[in-house]
Colleague: 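Starting off with a structure, shown below.
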Amino acid sequence: MSLILSVFDKIRWWVTGSTYIRFFHLTFTWPLFFYLEAAITLLAFFLPARRFSGLYKGRFHWLARHRLWACLAIFVLSISGRLVLLTLEPFPQPAVHDEFSYLLAGDTLAHGRLSNPALPAWHHFEAFHVLMTPRYASMYFPGFSLFLATGQRLFGTPRAGLLICAALAAASLCWMLQALLPPSWALLGGLLAVVRIEWFSYFGNTYWGGSAGMVAGCLLLGSSARLLRNKEPARSHALVFAFALFLLSVTRPYEGAFLAVPVVAGTLWRLAKRRTLTLSVVAPALFVITIGAAWFAWYCHSVTGQFRFPQSVQRSQWGTASPWVFMRPNYSHVYEFSDQSDYYLKSELADVYLLENSLQGYLLRLPQKVFREWHFYIAPALTITLIGLIPTVRSRKHRLAALGFGALCLALLTETFVQPQYLAVGAGFLYLAIVNGLRWLHIASRRSSIALRLLNGTIAAVILTSALRLVIVPIDAWPPSWSSRNEEIPAYAPTREFLEKLPGKQLVFVRYSPGHRNGNSWINNGHDPGSQKVIWARDTEPAKSNADLICAFPGRQILRLNPPEQGFLPPPDTTASRTFAVAQFFKPYDTGSVVCPAETQ
């Protein structure tokens, strides 16, 4: 009974997601956008039969024939379009634990480090998804963080690296599709990715890292197809193939391995069978793979002090629930802070892992996982295109991609926590199936008015829902869709802006209220907290004194912050007021009783 009630609670959580209507500044407490998208999709099938037929019959042929220019156009459109959208929808502030961890890794790499020394009095800095010992570093793999570091070094902000990564994801998808489909259809697939993935979804707007996995998967499938298509494999394609394997390993190694094994084995087998594996092609690729493997091993050793993945070490130190459904939980951890116990014992263990710890629970949660992926990548507007899975799987040219995607789905079945970014390495195959579905409808429409109506309705639904997204914004929707965005931490951004304007340096002790939501994390620091203007730390009083941290960073103004748990949320656009009063959240901190060792001598 408790399992059934928990499932219904998850459904209720999804149904009560917020939807913000721009310009009117109204917020509704149900997923209005999803219902409108479904309604528009159904109504679009009744539009006049030939209204949108010219859109995919040749309007893009002049650009699609020039393959390199087509990829470049997708790249530029992704970046420029998102910058234009800033006039309506600013970039959201980081709000999820994962984002702050990725930002820490990007900041560390941008300063020429692989990891950072352990912090003094590090229990004050305990943060989610971050290693505190033996080194201070993010637990996540460095692939996406390399893009963030590049943006920070070249343009002064990791946001630039995110934009570049998102644009590369759409461009690499177009490049992959060019090897498997006619040029005009490949360009159409790239345009769909720009609108459905990069402009509005969290892949292109948050620091969760989905775009990096998409780049790696598309490069792997695209280079494999080119190696097999040509009678003599090109060295450049072999180098891209090797680089894709490296990027998979440093981005999502578990899911990437399941995708890569069938693709790599099949590619090498076919090339060996044709006797085209020459030393001039294999040697450069092996060199790239060797250098990449050595660098990744060096990175892991720098973070953990041993040749282990940082994520596995962090989970062994902090995690209770296992990331895989077939492994037992670790109940040996004792959490000092209430938000940690709430996250690890409730949000992860009770609300997710224990619900899947039986065959019945696993089968009940499996449809939720499938729905989550469908809601993000497909949604109502593109559902009819799933008919393209049939010709895609049956085609010999697409067989290796299909096998890799099937293995990837098996990998996801073994994981406890499944998010859309986990499937990102296989997004290229999904878009291949989507575009093949459109092609199949296009061919069938020549003799079937029903197919023509479905084709026009799908194109119309994509256009109309994209236009609708400019007015309606799903906020904190669960499961996350292509159109939703995360809700920001209440008063987080204005509080930081307030502190940046104060003179001198500050040390802020954060004291959460008893009803604190563990997702609203304020303990987020850069690679070297001592060099920051504002240091964010956990308030351990009255259980333990804060004197050790105050003495470790002398000469700072000491403040105590009681952050709000609700309210003070900015609207997700630039058409409403963004006025906040944050000084009320600070309380005076008495340091009169703090005596540091140097002062006693």
Side-chain angles (χ1 to χ4, degrees), residues 3 6-7 10 14 96-99 101-102 128-129 138-141 143-144 202-203 206 208-214 216-217 220 247-263 308-330 343-378 403-430 478-481:
L3 175 61
S6 179
V7 171
K10 291 292 185 182
W14 176 73
V96 182
H97 301 148
D98 311 61
E99 295 185 80
S101 183
Y102 276 118
F128 293 100
H129 309 324
S138 167
M139 80 170 189
Y140 286 118
F141 300 101
F144 178 58
Y202 74 85
F203 274 26
T206 68
W208 276 27
S211 294
M214 188 172 171
L220 179 71
L247 191 56
L248 279 175
S249 67
V250 298
T251 304
R252 301 215 64 89
Y254 181 69
E255 297 87 358
F258 276 81
L259 174 75
V261 167
V263 175
R308 290 180 62 190
F309 289 157
Q311 190 165 2
S312 65
V313 174
Q314 197 276 344
R315 293 298 302 185
S316 67
Q317 293 178 350
W318 297 98
T320 298
S322 171
W324 290 280
V325 295
F326 52 80
M327 294 184 66
R328 294 181 178 180
N330 182 0
Y343 176 78
Y344 288 112
L345 298 180
K346 185 180 184 300
S347 298
E348 283 195 351
L349 184 67
D351 291 348
V352 180
Y353 178 81
L354 293 181
L355 296 182
E356 299 187 25
N357 209 23
S358 65
L359 180 60
Q360 178 189 9
Y362 180 82
L363 294 178
L364 282 174
R365 281 190 53 83
L366 184 59
Q368 297 181 34
K369 294 182 178 181
V370 174
F371 179 81
R372 186 180 304 163
E373 305 304 316
W374 169 85
H375 194 210
F376 182 84
Y377 289 101
I378 310 298
L403 289 173
F405 185 78
L408 171 61
C409 292
L410 291 177
L412 295 179
L413 291 177
T414 67
E415 296 189 74
T416 305
F417 315 104
V418 177
Q419 299 286 356
Q421 68 265 26
Y422 292 23
L423 188 61
V425 296
F429 177 82
L430 278 179
W478 188 263
S481 72

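In what follows, every heavy atom counts, from backbone to side chain, and hydrogens, waters and symmetry copies are set aside. In this text, all values refer to a predicted model and were calculated from it rather than measured experimentally.
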Colleague: Nearest 0.5 Å, please: how far is OG1 in Thr414 from CG in Leu412?
Modeller: 7.5 Å
Colleague: Distance alone, cut at 3.5 Å: any donor-acceptor contact between the side chains of Glu348 and Tyr343?
Modeller: yes
Colleague: Identify the two heavy atoms, one from Ala424 and one from Gly210, that lie closest to each other, and give their separation to 0.1 Å.
Modeller: CB-O, 3.3 Å
Colleague: Ignoring hydrogens, what is the shortest heavy-atom contact between Ala350 and Leu355? Give both atom names and the distance.
Modeller: O-CG, 3.8 Å
Colleague: Report yes if the side chains of Leu354 and Leu349 come closer than 4.5 Å at any heavy-atom pair, otherwise no.
Modeller: yes
Colleague: Nearest 0.5 Å, please: how far is OG1 in Thr206 from CD in Gln421?
Modeller: 8.0 Å
Colleague: Would a distance-only check, ignoring hydrogens and angles, find a side-chain to backbone donor-acceptor pair under 3.5 Å from Ser211 to Phe203?
Modeller: yes
Colleague: Is it the case that the side chain of Thr416 and the backbone of Ser322 share a donor-acceptor pair, with hydrogens and angles ignored and the cut-off at 3.5 Å?
Modeller: yes
Colleague: I'd like to check Gln311 versus Pro323 (side-chain heavy atoms, cut-off strictly below 4.5 Å). Are they in contact?
Modeller: no
Colleague: A side-chain contact here means heavy atoms from C-beta on lying under 4.5 Å apart; do Asp98 and His129 qualify?
Modeller: yes
Colleague: Just by modelled atom types, is the Leu413 backbone N or O under 3.5 Å from a matching donor or acceptor in the Tyr362 side chain?
Modeller: yes
Colleague: Are Tyr344 and Phe128 side-chain neighbours, meaning at least one heavy-atom pair lies under 4.5 Å?
Modeller: yes
Colleague: Testing Phe309, Phe141, Trp324, Tyr422 one by one against Tyr254 for a ring pair (Phe, Tyr, Trp, His ring centres under 6.0 Å), which residue passes?
Modeller: Trp324
Colleague: Looking at NZ of Lys369 and CD of Glu356, how far apart are the two atoms once the value is rounded to the nearest 0.5 Å?
Modeller: 3.5 Å
Colleague: So, taking the atom named CZ in Phe258 and the one named CG in Leu248, what distance separates them when rounded to the nearest 0.5 Å?
Modeller: 13.5 Å
Colleague: Can you give me the closest heavy-atom contact between Ser138 and Ser101, atom names plus distance?
Modeller: OG-OG, 2.7 Å
Colleague: Begin with the C-alpha distance, continue with both residues' side-chain angles, and end with the deciding distance and a verdict on side-chain contact (heavy atoms from CB on, under 4.5 Å) for Asn330 and Thr320.
Modeller: CA-CA 5 Å; Asn330 182 0; Thr320 298; 5.5 Å; no
Colleague: For the residue pair Trp374 and Phe371, does the interplanar ring angle fall in the parallel (under 30°), tilted (30 to 60°) or perpendicular (over 60°) class?
Modeller: tilted
Colleague: What pair of heavy atoms forms the shortest contact from Ala427 to Tyr377, and how long is it?
Modeller: CB-CE2, 4.0 Å
Colleague: If you round to the nearest 0.5 Å, how far is CG of Leu408 from CG of Leu403?
Modeller: 12.5 Å
Colleague: In Å and rounded to the nearest 0.5 Å, what is the CG to CE distance from Leu423 to Met214?
Modeller: 10.5 Å
Colleague: For the residue pair Gln419 and Phe376, establish whether any side-chain heavy-atom pair is separated by less than 4.5 Å.
Modeller: no
Colleague: Is it the case that the side chain of Glu99 and the backbone of Val96 share a donor-acceptor pair, with hydrogens and angles ignored and the cut-off at 3.5 Å?
Modeller: yes
